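Data block below; observations after.
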Amino acid sequence: MSHTAAPTTPVLQSRLPAVGTTVFTRMSALAVQANAVNLGQGFPDFACERSLIQAVNDAMQADFNQYPMMSGAPVLRQAIVAKVASLYGHQYDVEREITVTAGATQALTTAILCCVHPGDEVIVIEPTYDSYVPAITLSGGVPVLVQMETGAQGYSVPWTKVAAAVTPRTRLIIINTPHNPTGSVLRASDLQALAEIVRGTDILLLSDEVYEHMVYDGARHESVCRYPELAARAFVVSSFGKTYHVTGWKVGYVAAPASLMAEFRKVHQYNVFTVNTPMQHGLAAYMADPSPYLQLPAFYQRKRDLFRAGLHGSRFELLPADGTYFQCVRYDKISGQTEAEFAEWLTTEIKVAAIPVSAFYQQGKESGIVRFCFAKKDETLTLALERLQKI
């Protein structure tokens, strides 16, 4: 009597062999298991405005429920153009230079895939958001890593080292301001230094500006859009999820010169094609009032100041937090553990989850720094601070 062999699944060679479960997933799971206050993963624990939800409901009731244009609903693209022109003085073409995306990460990945060819080098500034390097790898590109420096003023980009990293194979430089995970922001002098590096070259820029409305202490967001010399070679990415407290909606956009956008859309139409229709119309209607994003710096600065005041006098050393909704702290007066070990100890023993900044480096650089997210209800922050103050 013959026996049929059990079916076997062929072995698949990974396109991303170095990628495993992200630190955000691991720490959030540990926070749930430990019943800890989760200040790790970067999303709010409070609701968006009800009028925004109503605007989406109205769009559904008005039967905006079929595919929109591949580039995005015209009414939303027009609202984006108007907002960028008002804030940064750059006039994009609504038909050819704006594309609505399925969140900012899709925009970032699509921008990289459309312009990076096998062997091209991409300069990435570490610590860095975790999607950049995998997208470069998928494109066949080579990530060239330049580490930020830390001093009395917190994190800063060493532009001389960025310039030294440029070679004839450099295709793209990725910047992120305000910066995740450090909470630092680029100033006008930084953008001028960047302009000097790329001037006279064919290097493109990818500017991740998803926290554009979270810049504090009266400073302005130095968008690449403010600088025509840079905007002419840049993909600029932003996020409605971050701005309007709806991270789960996964709607963002990219702005770029028409020639770059034409290539972006070639990839976009085959990996996403288009984005949730009623949410696009709801967002467009909501954007008619600019006050929600104009008031966002004050909204989050108050939370930042609440959190920083609560840690004042503790054994944590607060690094500057000039933008985003993240606060980085040194813990060397508390523990000699690695960042991952300390973050796990905080989560399981102190019942407050944080993220090790080492997770934002390809080689896991240890700096004795962890990151907290203060995009939380006041009562959430107060509870976390009560626990952290006891260390």
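Quick note: residue numbers are just sequence positions, from 1. Reckoned from all heavy atoms, side chains included, excluding hydrogens, waters and symmetry mates. The shown structure was predicted, so the numbers you read here are calculated from the model rather than taken from an experiment.
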How close do [X] and [Y] get, counting heavy atoms only, and between which atoms?
X	Y	value
Phe64	Thr277	O-CG2, 3.3 Å
His281	Val75	ND1-CG1, 3.7 Å
Asn38	Ser28	ND2-OG, 3.3 Å
Phe326	Pro181	CB-O, 3.9 Å
Thr348	Ala34	CA-CB, 4.0 Å
Gly141	Val116	CA-CG1, 3.7 Å

Does a side-chain heavy-atom distance below 4.5 Å link [X] with [Y]?
X	Y	answer
His213	Leu87	yes
Ser335	Trp345	no
Leu385	Thr382	no
Tyr132	Glu126	no
Met148	Ile125	yes
Phe372	Val329	yes
Thr110	Thr101	no
Thr150	Arg330	yes

Is it the case that atom [atom1] in [X] sees more than 12 heavy atoms from other parts of the structure closer than 6.0 Å?
X	atom1	value
Lys83	NZ	yes
Asp289	CG	yes
Glu379	CD	yes
Gln153	CD	no

Main-chain N/O of [Y] paired to [X] side chain as donor or acceptor, under 3.5 Å:
X	Y	result
Arg304	Tyr216	no
Glu97	Ala258	yes
Tyr155	Leu319	no
Gln106	Gly103	no
Arg387	Val352	no
Arg371	Val357	no
Asp322	Ser184	no
Arg15	Leu138	yes
Arg171	Arg169	no
Thr177	Leu186	yes

Determine whether [X] and [Y] fall in the same hydrophobic cluster, where Ile, Leu, Val, Met, Phe, Trp and Tyr are linked whenever their side-chain heavy atoms lie under 4.5 Å apart.
X	Y	result
Ile197	Leu191	yes
Phe307	Tyr331	yes
Leu206	Val254	yes
Val37	Ile334	yes
Val210	Ile173	no

Fill in: Pair listing, side-chain hydrogen bond (donor to acceptor under 3.5 Å, both in side chains) test, anchored in residues 349-362, at least two apart
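The answer is Glu339-Ser358.
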Worksheet entry | Aromatic ring pairing Tyr253/Phe240, orientation class (parallel under 30°, perpendicular over 60°, tilted between) | tilted
Worksheet item: In terms of ring plane angle, is the pair Tyr300 and Phe46 parallel, tilted or perpendicular, where the classes change at 30° and 60°?
Response: tilted
Once you round to the nearest 0.5 Å, how far does [atom1] of [X] lie from [atom2] of [Y]?
X	Y	atom1	atom2	result
Ser139	Leu113	OG	CG	6.0 Å
Arg315	Asp332	CZ	CG	10.5 Å
Leu30	Asn35	CG	CG	11.5 Å
Gln192	Glu196	CD	CD	7.5 Å
Cys115	Phe235	SG	CZ	5.0 Å
Leu172	Glu121	CG	CD	12.0 Å

Discussion item. Side-chain heavy atoms under 4.5 Å apart, restricted to Ile/Leu/Val/Met/Phe/Trp/Tyr: what other residues fall into the cluster of Leu12, or is it alone?
Written reply: none
Practice prompt. Kindly give the cluster partners of Tyr67, where membership spreads through any ILVMFWY side chain lying under 4.5 Å from a current member.
Written response: Met70, Phe273
Worksheet item: Looking at Phe43, is Lys376 sitting on its ring face, NZ or CZ under 6.0 Å from the six-membered ring centre and within 45 degrees of the normal?
Response: yes
Fill in: Steps toward side chain to side chain contact (heavy atoms under 4.5 Å, CB included) verdict (Ile174, Ile136)
CA-CA 11 Å; Ile174 304 178; Ile136 296 165; 4.2 Å; yes
Practice prompt. Could you go through the side chain to side chain contact (heavy atoms under 4.5 Å, CB included) check for Asn65 and Met60 one step at a time?
Written response: CA-CA 6 Å; Asn65 298 306; Met60 290 182 182; 3.7 Å; yes
Worksheet item: Is the Phe360 to His179 ring centre distance short of 6.0 Å?
Response: no
Discussion item. Pair Phe299, Lys303 - check side chain to side chain contact (heavy atoms under 4.5 Å, CB included), show working.
Written reply: CA-CA 7 Å; Phe299 173 83; Lys303 289 186 177 294; 3.6 Å; yes
Practice prompt. Test salt bridge (charged side-chain N to carboxylate O under 4.0 Å, His left out) on Glu212 and Lys242 and set out the steps.
Written response: CA-CA 9 Å; Glu212 62 177 316; Lys242 297 292 193 297; over 6 Å; no
Worksheet item: Is it true that Glu229 and Arg199 make a salt bridge, defined as a side-chain N closer than 4.0 Å to a carboxylate O?
Response: yes
Discussion item. Check this for me: does any side-chain nitrogen of one of Glu222 and Arg220 sit under 4.0 Å from a carboxylate oxygen of the other?
Written reply: yes
Item to complete: Go through the steps to decide whether Tyr211 and Tyr325 satisfy the test ring pair (Phe, Tyr, Trp, His ring centres under 6.0 Å), and finish with yes or no.
Response: CA-CA 8 Å; Tyr211 300 100; Tyr325 43 49; 5.3 Å; yes
Fill in: Glu366-Thr338 side chain donor-acceptor pair, cut-off 3.5 Å
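No - no donor-acceptor pair under 3.5 Å links their side chains.
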Discussion item. Under 3.5 Å, is there a donor on one side chain and an acceptor on the other for Gln54 and Asp58?
Written reply: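 Asp58 and Gln54 do have a side-chain donor-acceptor pair below 3.5 Å.
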Discussion item. Determine whether Ser71 and Arg265 satisfy the following criterion, side chain to side chain contact (heavy atoms under 4.5 Å, CB included), listing intermediate values before the conclusion.
Written reply: CA-CA 7 Å; Ser71 55; Arg265 288 177 178 176; 3.4 Å; yes
